Amino acid sequence: MKKIDISQIATLPTRHGTFKIQAFREGDKEHLALFTDPLPSIPLVRVHSECLTGDALGSLKCDCGEQLQAALKQIAEEGGMLIYHRQEGRNIGLLNKVNAYALQDQGLDTVAANHQLGFAADERTYEIVETILEHFRIRQMRLLTNNPRKIESLKGVEILERVPLIIEPNPYNEKYLRTKKEQMGHLL
Ligand SMILES: Nc1nc2c(ncn2[C@@H]2O[C@H](COP(=O)(O)OP(=O)(O)OP(=O)(O)O)[C@@H](O)[C@H]2O)c(=O)[nH]1
Ligand SMILES: [Zn+2]
C-alpha cells in the first residue's frame with residue numbers, strides 16, 4: 001500500500017457554510033475531505049471525482065459543477081462529508097479528457113471517445129476513498145450519487161441509502177447524460 005500523508009484539520013468557510021478541511025496525499029495526487037463539525041453518526045457523503053472544466057471553469061458539457069455545488073449545499077444542511085477525489089476525467093487525466101472532448105466534437109459519445117483513446121469508459125479506483133472513510137471511522141453512510149458502479153466499488157462501508165443528485169440537463173450536456181444513463185447504467 002502507498003504511503004499516505006495527512007494534513008492538519010483547518011476551517012474552510014464557503015458560500016454554503018463553514019466546513020472543516022483535511023488533505024490526503026498519495027503519491028503525486030492530493031485529495032480533500034470537506035466535512036461538517038459535528039459529523040453525524042450516519043453522515044451524508046459525496047464522493048466527487050475531479051472535473052476541472054466543470055468544477056472550476058463553469059463548463060456546461062457535463063453536470064459536475066452543478067453537482068458539486070448542490071452536494072456541498074445539502075451536506076452543509078444535513079451534516080456529512082464531501083471527498084474531492086482527484087481522478088480527473090474518470091481517471092484518464094486532463095490532457096486525455098481534452099482529447100476525448102475533441103473526439104466528442106467529431107460526434108463520438110463520452111464512452112466511444114474513451115475507447116478510441118485506448119481507455120475503458122471509467123478508469124477510476126476507490127481505494128483512497130476507502131482509506132479516507134476509514135480515517136474518519138465512517139462505517140455507515142448515506143451516499144449522494146446516481147452511479148451504481150460507485151456504490152459497488154465502495155467496499156468496507158455500509159451504504160444505508162442512495163441519495164440521488166440530479167441536475168437539470170442543458171443543451172450541451174443532454175447527450176452526455178443520455179449516454180451515462182444508457183451505456184453506464186446511471187440512475188437518471
Ligand atoms: N473521460 C471523460 N471523463 C469525463 C467526461 N465528462 C466528465 N468526465 C469526468 O467524469 C467524472 C465524473 O463522473 P460522472 O460519471 O459524471 O459522475 P459520477 O461521479 O461517476 O456519478 P455521480 O456520483 O452520479 O455523479 C469526473 O472525473 C469528470 O472529469 C468525458 O466526456 N470524458
Ligand atoms: Zn465534468
Side-chain angles (χ1 to χ4, degrees), residues 26 28-34 43-75 80-130 132-133 141-155 157 159-188:
E26 161 212 37
D28 59 358
K29 296 241 169 136
E30 295 179 305
H31 309 270
L32 290 172
L34 249 69
L44 179 65
V45 174
R46 168 72 182 159
V47 177
H48 187 88
S49 302
E50 178 174 10
C51 176
L52 185 80
T53 45
D55 297 342
L57 304 177
S59 165
L60 297 177
K61 264 186 81 69
C62 56
D63 54 348
C64 305
E66 281 184 79
Q67 279 189 323
L68 176 62
Q69 296 306 319
L72 286 172
K73 179 170 183 282
Q74 197 170 344
I75 291 166
M81 176 178 292
L82 182 131
I83 297 177
Y84 195 81
H85 181 222
R86 302 289 303 283
Q87 294 195 358
E88 170 65 64
R90 299 194 295 268
N91 210 17
I92 67 174
L94 190 53
L95 188 142
N96 290 320
K97 187 176 85 168
V98 175
N99 280 333
Y101 278 178
L103 291 169
Q104 290 170 41
D105 287 343
Q106 295 168 23
L108 272 68
D109 65 38
T110 184
V111 169
N114 261 38
H115 290 161
Q116 176 84 27
L117 293 171
F119 297 110
D122 191 344
E123 295 267 354
R124 283 175 292 180
T125 60
Y126 294 90
E127 293 85 357
I128 186 67
V129 174
E130 285 162 5
I132 293 171
L133 292 170
M141 64 190 193
R142 302 160 62 225
L143 186 67
L144 265 165
T145 187
N146 312 315
N147 182 354
R149 191 176 165 265
K150 205 180 263 182
I151 299 171
E152 286 160 27
S153 304
L154 290 173
K155 311 265 186 273
V157 268
I159 297 167
L160 298 179
E161 186 191 352
R162 178 186 78 86
V163 181
L165 186 57
I166 311 250
I167 302 300
E168 200 54 44
N170 69 50
Y172 305 99
N173 67 16
E174 233 166 25
K175 180 180 173 187
Y176 170 73
L177 294 174
R178 201 173 337 115
T179 304
K180 289 215 304 192
K181 180 174 172 171
E182 289 170 0
Q183 295 191 42
M184 302 178 83
H186 283 231
L187 306 161
L188 295 170

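Bear in mind the structure is a predicted one, so any value in this text is a computation, not a measurement. By convention here, the first residue in the shown sequence is residue 1. We count ligands from 1, going down the list as the structure has it; atoms in each ligand are counted the same way.
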State if [X] counts as touching ligand 1 under the rule of any non-hydrogen atom under 4.0 Å.
X	answer
R124	yes
L165	no
Y176	yes
Q104	yes
R149	no

I need the contact type for [X] against ligand 1. Using non-hydrogen atoms and a strict under-4.0 Å cut-off, is it side chain, backbone, both or neither?
X	answer
R46	side chain
R90	both
Y101	side chain

Please list, in number order, the atoms of ligand 1 under 4.0 Å from a heavy atom of [X].
X	result
S49	26 (C), 27 (O)
H186	15 (O), 20 (O), 21 (O)
I92	1 (N)
N146	22 (P), 23 (O), 24 (O)
K180	14 (P), 15 (O), 16 (O), 17 (O)
K97	3 (N), 4 (C), 29 (O)
Q67	25 (O)
Q87	27 (O)

Handout entry: Test item: side-chain donor near acceptor, R90 and T110, under 3.5 Å
Key =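 Yes, T110 and R90 have a side-chain donor paired with an acceptor closer than 3.5 Å.
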Practice task
Classify the side-chain pair K150/S49 by whether it contains a donor and acceptor separated by less than 3.5 Å.
Solution key: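 No donor-acceptor contact under 3.5 Å links the two side chains.
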Roughly how far, to the nearest 0.5 Å, is the [atom2] atom of [Y] from the [atom1] atom of [X]?
X	Y	atom1	atom2	value
K175	K180	NZ	NZ	15.0 Å
D55	C62	CG	SG	7.5 Å
I128	I83	CD1	CD1	9.0 Å
L60	Y176	CG	OH	13.0 Å

Exercise for the section: Could you tell me whether K29 atom NZ has more than 12 heavy atoms of other residues or ligands within 6.0 Å of it? Expected result: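 Atom NZ in K29 is packed in, count exceeds 12.
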Between the candidates [options], which shows the shortest non-hydrogen contact distance to [atom]?
atom	options	value
atom 18 (P) of ligand 1	K61, M184, E50, K150	K150
atom 31 (O) of ligand 1	L177, L68, T110, L187	T110
atom 12 (C) of ligand 1	P164, C64, A71	C64

Exercise for the section: Output yes when a side-chain donor or acceptor of T145 lies under 3.5 Å from a complementary backbone atom of N147, and no otherwise. Expected result: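 Yes; at least one donor-acceptor contact below 3.5 Å.
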Handout entry: Side-chain donor or acceptor of D109 paired with backbone N/O of A112 under 3.5 Å
Key =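 Here the side-chain-to-backbone pair exists.
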Exercise for the section: Just need the protein heavy atom nearest to atom 21 (O) of ligand 1, so name the residue and atom and give the distance. Expected result: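 In this structure, atom 21 (O) of ligand 1 has N147 CB, 3.3 Å as its nearest protein heavy atom.
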Problem - Angle, SG of C64 through the Zn ion (ligand 2) to SG of C62 - 10° precision - result: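 Angle SG(C62)-the Zn ion (ligand 2)-SG(C64): 110°, rounded to 10°.
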Problem - Working for side chain to side chain donor-acceptor pair (under 3.5 Å), residues E26 and H31 - result: CA-CA 8 Å; E26 161 212 37; H31 309 270; 2.8 Å; yes
Problem - Basic-acidic side-chain contact under 4.0 Å: E130, K155 - result: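 A salt bridge is absent here (no side-chain N lies under 4.0 Å from a carboxylate O).
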Practice task
State, to 0.1 Å, how close I166 and L187 come at their nearest heavy-atom pair, and which atoms those are.
Solution key: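 Shortest heavy-atom contact: CD1-O, 3.8 Å.
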